[in-house]
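Every heavy atom of this structure was used, including side-chain atoms; hydrogens, water molecules and symmetry mates were not. Atoms within a ligand are numbered from 1 in the order they appear, just like the ligands themselves.
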Amino acid sequence: MLVRPDYLKSPIEYLKGVGPVKADLFKTELKIFTFADLLYAFPFRHVDRSAITPIRQIRNDGQAVQVRGILSALSFSGTKFQKRIKASIQDQSGVLNLIWFQGSQWLEQSLRPGQEYLAFGNLTGYGYPFTMAHPELDLLSELVRMPGFEPVYNSTEKLNKKGLDSRMRRKLITTLIENLPPGALPETLPDYLVRSMNLCSRAEAIRWIHIPSSRNELERATQRLKFEELFFQQLKLLTTKSFRKKHLKGPVFEKVGTSFNEFFRNHLRFELTEAQKRVIKEIRHDTASGAQMNRLLQGDVGAGKTIVGLMIMLLAIDNEYQACLMAPTEILATQHYASITYALKGLGLPVGLLTGSVKGEKRKELLRLVRQGDIKILIGTHALLEDPVRFHNLGLAIIDEQHRFGVAQRANLWQKNEKISPHILVMTATPIPRTLSMVYYGDLDVSIIDQLPPGRKPVKTMHYNEKSRPQVYQFLKDQIARGRQIYIIYPLIEESEKLDLQDLQNGYEQLLHHFPRPAYQISVLHGRMRPEDKDFEMQQFSRGKTHILVATTVIEVGVDVPNASVMVIENAERFGLSQLHQLRGRVGRGADQSYCLLMTGYKLSKEAKIRLKTMCETTDGFRIAEVDLELRGPGELEGTRQSGGLDFVMVNLVTDLQILDQVQKMVAKIIERDPELIHPSNKLLLEYLHQEELRSPGWSKIS
Ligand code: ADP
Ligand code: MG
């Protein structure tokens with residue numbers, strides 16, 4: 001058997017039927033350069049063209065229909081530029097009108113009146129006779145086979161115009177597939193998996209996804225491709241995890257020393273929750289084991305993750321290591337710095353803050369202290385990842401609010417200690433369902449704080465529109481009279497930053513009018529301000545010097561002012577669910593009853609209504625995450641896209657959770673039985689991982 005592995009590598013212009021013009025279109029419009037590119041550009045849906053309806057029986061229910069009959073002569077009307085072409089098609093039961101709103105030489109020349117055609121398309125009109133505009137016509141005598149489930153490919157207007165439409169794609173892909181040399185699509189899954197999961201072969205799957213001859217083939221192909229996609233993603237994450245556990249040494253935090261104990265006895269102003277204690281225990285176990293820890297700490301907003309992080313940092317210090325804490329925004333880093341310095345007062349532990357606005361000599365000096373090991377805890381933004389930042393002996397890196405950082409950035413932190421990889425603790429405030437967290441964070445161990453500190457009253461959430469604004473303002477005044485503080489948040493969407501700033505400005509002026517000085521003091525905070533001004537305004541508010549903080553979503557994550565008990569969200573319909581939940585999490589931190597008021601316009605989309613309703617009904621982050629997932633799909637889950645390199649082609653994480661579940665069980669079993677994948681039956685899997693490592697070396701640290 002002659003195997004030509006280079007067949008799929010052939011340049012696309014070598015495919016029969018692809019001339020220079022089409023080849024050019026393929027490259028520029030679709031980034032398809034080779035046979036393989038064309039083969040792996042799967043259709044995004046299929047249309048069922050297996051049914052042919054007698055013309056008299058067709059109904060217009062919005063679905064495309066297919067009929068079979070004799071084409072009449074074409075008639076032309078209109079001038080050159082507004083030419084219309086009409087025709088009809090007739091079977092034994094009746095007649096269907098056909099119409100084209102644009103002249104086309106190609107059409108005029110290629111159609112053959114009097115011959116039998118299949119016509120497929122959407123109908124206009126509501127009673128017999130119907131009209132079909134721009135039908136897809138196939139000359140029956142030229143059809144190689146009767147259509148079944150026809151693939152539909154991504155296309156653009158330009159492509160359609162130049163004749164490279166879905167139909168042409170089908171023709172080309174058929175040519176390609178029919179000429180595939182044997183062995184061109186080797187199996188990638190071990191035989192025992194294919195059999196036990198009852199999957200079709202990879203070659204079949206790829207053939208059938210393009211040209212299935214039945215619904216069954218299409219389903220089998222889809223099933224196989226989805227399984228495979230999830231399988232390799234999970235395999236990569238889970239083997240990375242087990243590999244690291246076995247082979248990557250981490251600093252050993254064996255003793256609990258003075259910093260930890262002193263803090264625990266004399267500085268902690270509250271009793272830890274059971275959940276916090278349990279998580280600290282889990283982390284202590286990890287960090288004493290000798291292996292490098294990679295752990296995800298999940299917990300709803302306000303669950304008290306920061307204190308857990310802080311105590312682990314003290315543990316690191318007790319064992320002669322440095323620790324760092326990386327936050328997604330400058331505001332948050334600054335806040336962490338302030339609250340951690342405050343919490344550690346008297347312990348004599350030098351804490352540093354490194355953000356983009358620490359510059360010049362100050363920066364140099366700070367970096368020097370960090371390098372010498374004089375700074376024990378370094379808090380900062382992405383700036384921590386930059387090259388000049390060198391530690392004396394970094395033992396622990398905490399990443400707060402993970403959803404803004406990616407896998408690659410996490411890996412970057414490892415390099416910060418040349419001798420040994422520091423422990424990594426990722427704290428996320430976006431709860432996600434378990435199955436999904438396996439997709440995003442499958443390489444991490446997970447700890448969950450599933451309990452809020454005692455005495456928290458659930459935040460009362462209400463939805464209002466403009467009509468109620470006077471009452472809302474009155475309510476705010478009452479709350480201020482009771483000593484409470486208030487956030488008022490405006491949306492900030494990047495494309496219309498100016499417009500949003502305008503909203504904020506208008507809102508601020510309106511507020512000044514209703515809440516006049518000096519009785520009321522208002523702070524303003526938005527992304528365009530200089531960092532020191534932001535910092536000042538934030539301080540004014542957190543020290544209780546101002547009553548109201550008007551802000552764009554810069555305060556979205558992490559900000560902690562327990563006395564602030566009312567959150568007003570303007571244009572709430574423009575926020576996503578998880579964002580709303582995050583924002584609401586800024587209140588309800590003290591002992592007082594807290595409120596979240598969602599202000600919207602009158603016109604609301606269906607989805608906006610669901611979001612608002614969900615917010616009013618529940619404060620459970622996991623429930624909210626589920627609704628969010630249903631509404632938006634996982635690709636939109638805030639910032640998670642870049643965090644796992646997740647560009648699924650076939651898989652839809654919302655609808656394919658069941659396959660995911662199967663896959664996870666399967667992968668876990670395989671790794672348990674054969675952790676190093678050295679058994680001959682797993683040869684293909686090992687090969688896959690090695691190839692991946694060649695493709696993007698380093699991130700998995702498997703070599
Ligand atoms: P998040 O998990 O959202 O990061 P934080 O760590 O900011 O939450 O904690 C929220 C608030 O709860 C802070 O004011 C913190 O001091 C307080 N807190 C944390 N743990 C406890 C506890 N066990 N008892 C009482 N208050 C706590
Ligand atoms: Mg936090």
Tell me whether Q234 contacts the main-chain N or O of M438 through its side chain, where contact means a donor paired with an acceptor under 3.5 Å. yes
Side chain of R363, backbone of V358: donor and acceptor closer than 3.5 Å? yes
Can you list the atoms of ligand 1 that are under 4.0 Å from a heavy atom of T273? 23 (N)
Geometric N/O contact G302 with ligand 1, under 3.5 angstrom: yes
Is the backbone of V566 close enough, under 3.5 Å, to the side chain of Q479 for a donor and an acceptor to pair up by distance? no
Taking both backbone and side-chain atoms of L272, is any N or O found less than 3.5 Å from an N or O belonging to ligand 1? no
What atoms in ligand 1 come closer than 4.0 Å to a heavy atom of R456? 10 (C), 11 (C), 12 (O), 17 (C)
Any atoms of ligand 1 less than 4.0 Å from a non-hydrogen atom of E271? List them with their elements. 22 (C), 23 (N), 24 (N)
Ligand-side contact atoms (ligand 1) for residue partner T306, heavy atom cut-off under 4.0 Å: 4 (O), 5 (P), 6 (O), 7 (O)
V301 neighbourhood, listing ligand 1 atoms whose heavy-atom distance to it stays under 4.0 Å: 3 (O)
Tell me, please, which residues at least two apart from F253 pass ring-ring contact (aromatic ring centres under 6.0 Å, His included). Y321, H423
Verify the neighbour count for atom CZ of R284: are there more than 12 heavy atoms of other residues, nucleotides or ligands below 6.0 Å? no
Which option out of E274, K277, K305, Q276 puts a heavy atom nearest to atom 2 (O) of ligand 1? K305
Sole residue of T240, N294, D445, D286 in side chain to side chain donor-acceptor pair (under 3.5 Å) with K245: D445
